[in-house]
K.L.:
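Below is one structure. I have some questions about it.
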Amino acid sequence: MHEPHTIRHLALLIAAALILTLPAAHIPPAPRQARAPCVAHGAPLSEYGGQPSSRRVPALWHTPRARIDAGTVGGGIAARRRLPHCHIAAQAALEWRRRSWYARQGLPDLSTMPRPPDRRQTAANRAPDSSGDGALWRWLACGIGLGAIMLATGLLLARRSSRLIRRDMEQLLTLASALGTDGKLPARRMRLPATQQVADALIDAAARLRRDDAVRLDAEAAIRRSNIELEHEVHERTQDLRQSRHLVSLIMEQMPAIIVVKRADNLRYEFFNQAAEVLFGKSSADIIHRTDQDLYPGAEAQARMAADRKVIDSREIVDIAQETFCAPQGTTRFLHTRKMVLLDHTGKPTHLLAISLDITETLRAAEQLRIAAVAFESHEPMMITDARQTVLRINSAFTASTGYTEQDILGHTPHMLRSGRHDDAFYAAMWDSITRQGTWQGECWDRRKNGEVYPTWTIISAIRDQQGIIRHYVCTQSDISSRKQAEEEIRQLAFYDPLTRLPNRRLLVDRLRHAIDKSGRSNLIGALMFIDLDNFKMLNDTLGHDQGDVLLREVARRLPACLRSVDTVARLGGDEFVIMLEGLSHQEAEASHKAQDIAEHILAELNRPYTLADRQYLCTSSVGVTLISDHRLTTDEVLRHADLAMYQAKAAGRNTFRFFEPRMQQAANARAEMEHDLQQALEQEQFELYYQAQVNATGQLIGAEALLRWHHPRKGLVLPDQFIELAESSDLILRLGQWVLKSACAQLATWASEPVMRHLTLAINVSPQQFKQAGFVSQVNDAVRAAGAEPQRLKLELTESLMLDDFTSIAEKMSTLKRAGVGLALDDFGTGYSSLASLKRLPLDQLKIDRSFCHDLLTDPNDAAIARVMIVLGHTLGLTVIAEGVETAEQQAFLVANQCNAFQGFLFSQPLCAREFRALAGRQSHA
């Protein structure tokens, strides 16, 4: 807006400059004035030589760096060197410091002192003349004009520059606005380098800013990702921490150890796990936040809290090896307790931790181990192995029994004890039992270190851990050499005739039963021969029983020589022998022919002379033969058939043989008639019980045996041996046995009301068929209950034949009866078929020696030996022994001397009816 004025000013300046450039003649001369002193050094110019000339310009003025300075004094013009402003300022500052220094030092300033004139400059410093002043003004006008021109040019240039600057600034503003956005930059054309540099700097700065923004955004994104990851990690660690705390809490709760936590300041409970709840008998809710003063009596509470404070003060771990704790249930438990102090980060106690283990069972187990260690060193040989049967330990008894020391056997297996008598099947069965049932016991033959083979009763038990895995085996052995020897002797007595060493009746019956069964399966016909020596009683009476024994032994030696190896020769007793021939033929005629040949050979062999008492003696025999072809026959029936045939041979004149003839109608008719009469007798109650006294060693009446009598309408009083066998071969024995049982119980109830008889026991015979009934035990209990009798006064006598079949069921019934209080006795011991191995497993109370052994007790040493063995056997098994058939005082004295417990026989009483027996008991009570 000021451009016109500026132009006008510029025009005026140019005009003035042109006027000044006119010729000097047109300028009037200035008046002459005195020359001013020189300002350069503070002295007038006249001092440097003459009058200055105004017409002349000193040479110094024409120099490039000269300037004109008009003095105020006399209108003179002085010339000085033209110096840059910065240099003049520096010189002035230097001059000031110089003068200040001179003033501080008290020295005169030489620059202000008068200077002598310079001759060389005197003429030059003279004032110019008037012509020279005109020229000076022209030069001055020219300079001003040039300066105006230059000023105008500068203004024009400034105007143009301002337009360029304005345009460039507008572009810069547009560019700056565009840089603030993400859009495309506008086109630019900068005229000024500076603005171009600014624009470039702005673009570069914007680019750097964008890069910085991108870096910042990336950093923020990275920070956000880091924050997310950090939050996720913090969340996970928080969850892990919670899970860990929950797991620790759960572990502490479920640990079998008793864990209790108390505060250190007031000893209040803060944690109480389940094991502690079980021990204290209280829930954690009843314990938490309470102290021992709330749970225990005063003195005990103070003692417990004092002990806890002592642990807290000491800050040490206290271990209590055994602590007694009285449980609420009244039991005493033993604890192993460890207490410790829990500290915070500053080392200050915060809690008291107590961990206790219930060591009650451990102490008991240790006590049991001590007891087991003492028991291990018992008199029985013992051996312990691991699961691989490696021997770990033996006791001193084992060394004494086997000869093996610990150095000999430790680290080895028990195989070194094997004798070689048992096969692999035996050991396989043994280990199968141990694996399945955990134990095995039985007879085993082992070998000692010296090579001796001996029998042992071995018990092997498997020791399992809590998971049921076998870890050890314990073996206990007993040297049963003596027992085996005694058993062999008993077996010989039980199954073999002690005189002839031939099988006795028991073993014969057993083999006969197998032969009958085998004949039924194979259809092979066998034969049974019953041999009786003729006139043997006469031999005993004339030559004595010792010579009779010699004859019997010689017969026993000759008979096997006439037979095959598969045949059996047995002695039934006295002078009776039985021969059993198996598998003769499938045809009855051929079997009969072979049996006849063997019978003839036997007769011929037995007819040869014997040497008795140093002289020849002839003895014949009678033989009865029956074929074994009907497997439905019993052993008794087969023996009876052979016995009947033998009697036929005797009836035929002796020294011959006869076959049994099934066509004997007379015997069959008699049997049928007897069976019919028995049925009538049961229906009409024709039976009565008689009682034979049983006494102890002092002769005191202790009981009776009930004996059945039959009041036959035509035959009178019939004894049991005439009809019991028939009854047992039919179902009549069951009805007859039931009647006897009820009658005996009723009689016991009657005796219970009489003081002299209430202590007596009553024994009744039970047939095998009756005992094997499924409801026999119930029948006995019902009979006792119905009669109101005491079961302890009732005694059941069982025969040995009962033990032959279904031994387990028989033993079970006997145990049931024994638990009910009923006594059990084995009748006719020594004449039946009982096995000693089975006998020891039966719950018997009494052993009854058969009358056949008591009859010749004093005359036959064999019978005496058998009686002694039976008594010893009974006592060994814990049974009382009673002998029946005692008829003389000498027999009783012998039995008493051998510690027989009770006696029965005609010596004390014949079988009496109830009234007579009551009178007998009365007489004994008054005696």
Side-chain angles (χ1 to χ4, degrees), residues 365-465 470-494 835-841 869 872-873 875-878:
E367 183 66 20
Q368 294 296 325
L369 286 176
R370 285 192 292 271
I371 296 173
V374 175
F376 184 75
E377 293 298 334
S378 63
H379 298 291
E380 296 292 338
M382 296 185 68
M383 173 175 56
I384 299 177
T385 72
D386 59 12
R388 294 175 296 181
Q389 303 179 34
T390 302
V391 179
L392 302 178
R393 188 178 177 186
I394 60 173
N395 63 356
S396 56
F398 184 90
T399 301
S401 176
T402 64
Y404 287 102
T405 63
E406 289 187 348
Q407 291 77 11
D408 297 331
I409 200 168
L410 293 188
H412 298 277
T413 64
H415 293 174
M416 59 193 306
L417 300 176
R418 290 187 176 183
S419 63
R421 289 198 177 188
H422 304 293
D423 55 10
D424 293 339
F426 172 82
Y427 292 106
M430 173 199 298
W431 286 108
D432 180 67
S433 174
I434 295 172
T435 303
R436 289 187 297 103
Q437 302 178 8
T439 183
W440 177 87
Q441 61 177 342
E443 183 180 309
C444 185
W445 289 82
D446 290 337
R447 187 184 301 276
R448 292 189 172 95
K449 185 178 180 180
N450 59 8
E452 178 187 354
V453 177
Y454 68 105
T456 65
W457 184 259
T458 303
I459 301 175
I460 302 176
S461 300
I463 308 300
R464 301 178 183 269
D465 58 14
I470 296 177
R471 297 299 184 186
H472 298 88
Y473 296 102
V474 177
C475 175
T476 303
Q477 291 183 326
S478 299
D479 189 344
I480 59 173
S481 301
S482 300
R483 193 180 78 182
K484 286 291 293 183
Q485 184 178 359
E487 286 181 356
E488 180 61 25
E489 294 177 358
I490 294 174
R491 193 180 71 86
Q492 288 292 332
L493 293 175
S835 168
L836 294 180
S838 302
L839 183 62
K840 67 179 182 180
R841 298 165 55 190
V869 170
V872 172
L873 177 62
H875 290 165
T876 303
L877 296 176

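The first residue in the sequence is number 1, and the count goes up from there.
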K.L.:
Evaluate the side chain to side chain contact (heavy atoms under 4.5 Å, CB included) criterion for residues I470 and R464: first the C-alpha distance (whole Å), next the side-chain angles of each, then the deciding distance (0.1 Å), finally the verdict.
P.N.:
CA-CA 4 Å; I470 296 177; R464 301 178 183 269; 3.4 Å; yes
K.L.:
Quick one: does R448's side chain have a donor or acceptor within less than 3.5 Å of a partner on E452's backbone?
P.N.:
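Side chain of R448 to backbone of E452, a donor-acceptor pair under 3.5 Å: no, none is there.
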K.L.:
Hey, does the side chain of S401 reach the backbone of A397 with a donor-acceptor pair shorter than 3.5 angstrom?
P.N.:
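Not a single qualifying donor-acceptor pair exists.
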K.L.:
Under a 4.5 Å cut-off applied to non-hydrogen side-chain atoms, are V453 and R421 in contact?
P.N.:
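A side-chain contact under 4.5 Å exists here.
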K.L.:
Are the side chain of T439 and the backbone N or O of I460 linked by a donor-acceptor pair below 3.5 Å?
P.N.:
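Judged by distance alone, yes, a pair lies under 3.5 Å.
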K.L.:
Output yes when D479 and K484 qualify as a salt bridge under the 4.0 Å nitrogen-oxygen rule, no when they do not.
P.N.:
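Looking at K484 together with D479, the answer is no, because their closest N to O distance does not fall below 4.0 Å.
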K.L.:
What distance do I394 atom CD1 and T405 atom OG1 have between them, rounded to the nearest 0.5 Å?
P.N.:
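That separation rounds to 6.5 Å.
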K.L.:
If you compare all heavy atoms of M416 against all heavy atoms of D408, which two are closest, and at what distance to 0.1 Å?
P.N.:
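Between these two residues, the closest heavy atoms are CE-O, 4.0 Å.
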K.L.:
Could you tell me whether R393 and E406 make a salt bridge, using a distance below 4.0 angstrom between a side-chain N and a carboxylate O?
P.N.:
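Here R393 does not pair with E406 in a salt bridge, since their nearest N and O are not under 4.0 Å apart.
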K.L.:
Is the distance between the ring centroids of Y427 and W440 less than 6.0 Å?
P.N.:
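Ring centres of W440 and Y427 not closer than 6.0 Å.
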K.L.:
Looking at side-chain heavy atoms only, is the closest gap between T390 and T385 below 4.5 Å?
P.N.:
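The answer is no; the side chains never approach within 4.5 Å.
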K.L.:
What residues form a side-chain contact (heavy atoms from CB on, under 4.5 Å) with T435, not counting sequence neighbours?
P.N.:
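With sequence neighbours excluded, T435 shows a side-chain contact (heavy atoms from CB on, under 4.5 Å) to no residue whatsoever.
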K.L.:
Please find the pair of heavy atoms, one from G403 and one from K449, that lie closest to each other, and give the distance.
P.N.:
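Of all heavy-atom pairs spanning G403 and K449, the closest is O-CD, 3.3 Å.
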K.L.:
To the nearest 0.5 Å, tell me how far I384 CD1 sits from Y473 OH.
P.N.:
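Taking CD1 in I384 and OH in Y473, the distance rounds to 14.0 Å.
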K.L.:
Any side-chain heavy-atom pair from H472 and L392 closer than 4.5 angstrom?
P.N.:
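A side-chain contact exists here, since the closest heavy-atom pair is under 4.5 Å.
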K.L.:
For the residue pair N395 and M382, establish whether any side-chain heavy-atom pair is separated by less than 4.5 Å.
P.N.:
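A side-chain contact exists here, since the closest heavy-atom pair is under 4.5 Å.
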K.L.:
With distance as the sole test, does S419 use its side chain to make a donor-acceptor pair with the main-chain N or O of W445 at under 3.5 Å?
P.N.:
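Looks like yes, one N/O pair under 3.5 Å.
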K.L.:
Which value, rounded to the nearest 0.5 Å, describes the distance between I459 atom CD1 and E380 atom CD?
P.N.:
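Between atom CD1 of I459 and atom CD of E380 there are 8.5 Å.
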K.L.:
Flag the pair R447 / L417 as yes when at least one side-chain heavy-atom distance between them is below 4.5 Å, and no otherwise.
P.N.:
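No; the side chains remain at least 4.5 Å from each other.
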K.L.:
Measure the CZ-OG1 distance between F398 and T476 for me, rounded to the nearest 0.5 Å.
P.N.:
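OG1 of T476 is found 11.0 Å from CZ of F398.
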K.L.:
Going by the rule side-chain contact (heavy atoms from CB on, under 4.5 Å), which residues pair with H875 if we only count those two or more places apart in sequence or in a different chain?
P.N.:
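Residues passing side-chain contact (heavy atoms from CB on, under 4.5 Å) with H875: I871, V881, Q899, N901.
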K.L.:
Apply salt bridge (Lys or Arg N to Asp or Glu O under 4.0 Å) to R436 and list each qualifying residue two or more places apart in sequence or on a separate chain.
P.N.:
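Only D432 meet the salt bridge (Lys or Arg N to Asp or Glu O under 4.0 Å) criterion with R436.
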K.L.:
Does any N or O in the side chain of T456 come within less than 3.5 Å of the main-chain N or O of C444, such that one atom is a donor and the other an acceptor?
P.N.:
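At least one qualifying donor-acceptor pair exists.
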K.L.:
Do the charged groups of R418 and D446 touch, with an N to O distance under 4.0 Å?
P.N.:
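No.
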K.L.:
For Y404, is there any backbone N or O sitting under 3.5 Å from a side-chain donor or acceptor partner on T402?
P.N.:
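Flag set: sc T402 to bb Y404 pair under 3.5 Å.
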K.L.:
Could you tell me whether E443 atom CD has more than 12 heavy atoms of other residues or ligands within 6.0 Å of it?
P.N.:
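Atom CD in E443 is packed in, count exceeds 12.
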K.L.:
Roughly how far, to the nearest 0.5 Å, is OG1 of T413 from CD of Q389?
P.N.:
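If I round to the nearest 0.5 Å, the distance is 7.0 Å.
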K.L.:
Any chance CG of D424 has more than 12 other-residue heavy atoms, nucleotides or ligands included, within less than 6.0 Å?
P.N.:
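Counting neighbours around CG of D424, 12 or fewer heavy atoms of other residues, nucleotides or ligands fall under 6.0 Å, so no.
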